[in-house]
S.K.: 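I have a structure here, written as structure tokens, and I will follow up with some questions on it.
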Amino acid sequence: KNQVEQSPQSLIILEGKNCTLQCNYTVSPFSNLRWYKQDTGRGPVSLTIMTFSENTKSNGRYTATLDADTKQSSLHITASQLSDSASYICVVTLTTDSWGKLQFGAGTQVVVTP
Amino acid sequence: SAVISQKPSRDICQRGTSLTIQCQVDSQVTMMFWYRQQPGQSLTLIATANQGSEATYESGFVIDKFPISRPNLTFSTLTVSNMSPEDSSIYLCSAGQGNQPQHFGDGTRLSIL
């Protein structure tokens, strides 16, 4: 069973609108949580990275939140643009190894329409 | 941030053959990783490659099927051996460790006929 669950699996939003993606994890012990954007045909690109002590992190129109108590994170996209169409992947880092093994969610596929 | 180049970007191969994927990083990195990503699914770690030591494989992946080389701090290869249609997937290389973002290549899209 995947220890990182994302919802929704996919969504379609109108250009200019906001949306929020959810990530629930059961990974423990937890080191940090990352959000990646993966455009079609490209590798994932890091958007944000938060340690367990951080509640929020922004990167332009992307804002990630983290509640380490409930093991939930969200990624909010403000004023969506067509270029935001991509898969957004939630990734949790385990602390059991010094190099930090990553546990990936299946991603939320976002389609922004004109 | 590190820039990672992978090649080939895609290939179509015959059953039973082998393909070697190359991954080049524009800076020296300690840790390099190889992942597999099947359509609509999570990335799955195949193995971790450190320079100067044998790769560490995850459960379900073995060296005979996925031999890895790591000759220096900027380069690694993954070979997919004796390919079958089940090996059709995207193979991704990445570099980074600890609390630093991992940087990914754009992947190799492999189809086996």
S.K.: Tell me whether B/Ile21 is reachable from B/Val29 by hopping between hydrophobic residues (I, L, V, M, F, W, Y) whose side-chain heavy atoms are closer than 4.5 Å.
M.R.: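 Different clusters: B/Val29 never reaches B/Ile21 through Ile, Leu, Val, Met, Phe, Trp or Tyr contacts under 4.5 Å.
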S.K.: Linking I/L/V/M/F/W/Y whenever any side-chain heavy atoms sit under 4.5 Å apart, do A/Val111 and A/Tyr88 land together?
M.R.: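 No: no chain of side-chain contacts under 4.5 Å links A/Val111 to A/Tyr88.
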S.K.: Rounded at 0.5 Å granularity, tell me how far CD in B/Gln102 sits from OH in A/Tyr36.
M.R.: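 With rounding to 0.5 Å, CD (B/Gln102) is 5.5 Å from OH (A/Tyr36).
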S.K.: Tell me whether the count of non-hydrogen atoms from other residues, nucleotides or ligands lying under 6.0 Å of CD1 in B/Ile12 goes above 12.
M.R.: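 For B/Ile12, atom CD1 is not crowded (no more than 12 foreign heavy atoms under 6.0 Å).
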S.K.: Determine the minimum heavy-atom distance between A/Pro44 and B/Leu92, stating which atoms define it.
M.R.: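 So the two residues come closest at CD-CD2, 4.1 Å.
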S.K.: When rounded to the nearest 0.5 angstrom, what is the spacing between CD in A/Gln6 and OG in B/Ser42?
M.R.: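 The OG atom of B/Ser42 is 7.5 Å from CD of A/Gln6, to the nearest 0.5 Å.
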S.K.: More than 12 non-hydrogen atoms from neighbouring residues, nucleotides or ligands closer than 6.0 Å to CD on A/Glu15, yes or no?
M.R.: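 It does: A/Glu15 CD has more than 12 such atoms within range.
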S.K.: Measuring heavy-atom distances to chain B, does A/Gln38 have an atom under 4.5 Å in its side chain, in its backbone, in both, or in neither?
M.R.: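 When you check distances to chain B, only side chain atoms of A/Gln38 fall under 4.5 Å.
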S.K.: With distance as the sole test, does B/Arg109 use its side chain to make a donor-acceptor pair with the main-chain N or O of A/Gly41 at under 3.5 Å?
M.R.: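 Checked: pair present.
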S.K.: Can you tell which part of B/Gln6 gets under 4.5 Å to a heavy atom of chain A, answering side chain, backbone, both or neither?
M.R.: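 Neither; nothing under 4.5 Å.
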S.K.: Heavy-atom count around A/Arg61 CZ within 6.0 Å, excluding the residue itself: above 12?
M.R.: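 Atom CZ in A/Arg61 is crowded, with more than 12 foreign heavy atoms closer than 6.0 Å.
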S.K.: With rounding to the nearest 0.5 Å, note down the distance linking CZ in A/Phe104 to CG in B/Leu45.
M.R.: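 Result: 8.0 Å between the selected atoms.
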S.K.: Treating Ile, Leu, Val, Met, Phe, Trp and Tyr as nodes and any side-chain heavy-atom pair under 4.5 angstrom as an edge, say whether B/Val25 and B/Trp34 lie in one connected cluster.
M.R.: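 No; B/Trp34 is not reachable from B/Val25 via cluster members.
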S.K.: Measuring from atom CG of B/Leu43 to atom CG of A/Leu102, what distance do you get when rounded to the nearest 0.5 angstrom?
M.R.: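 Here the rounded value is 9.0 Å.
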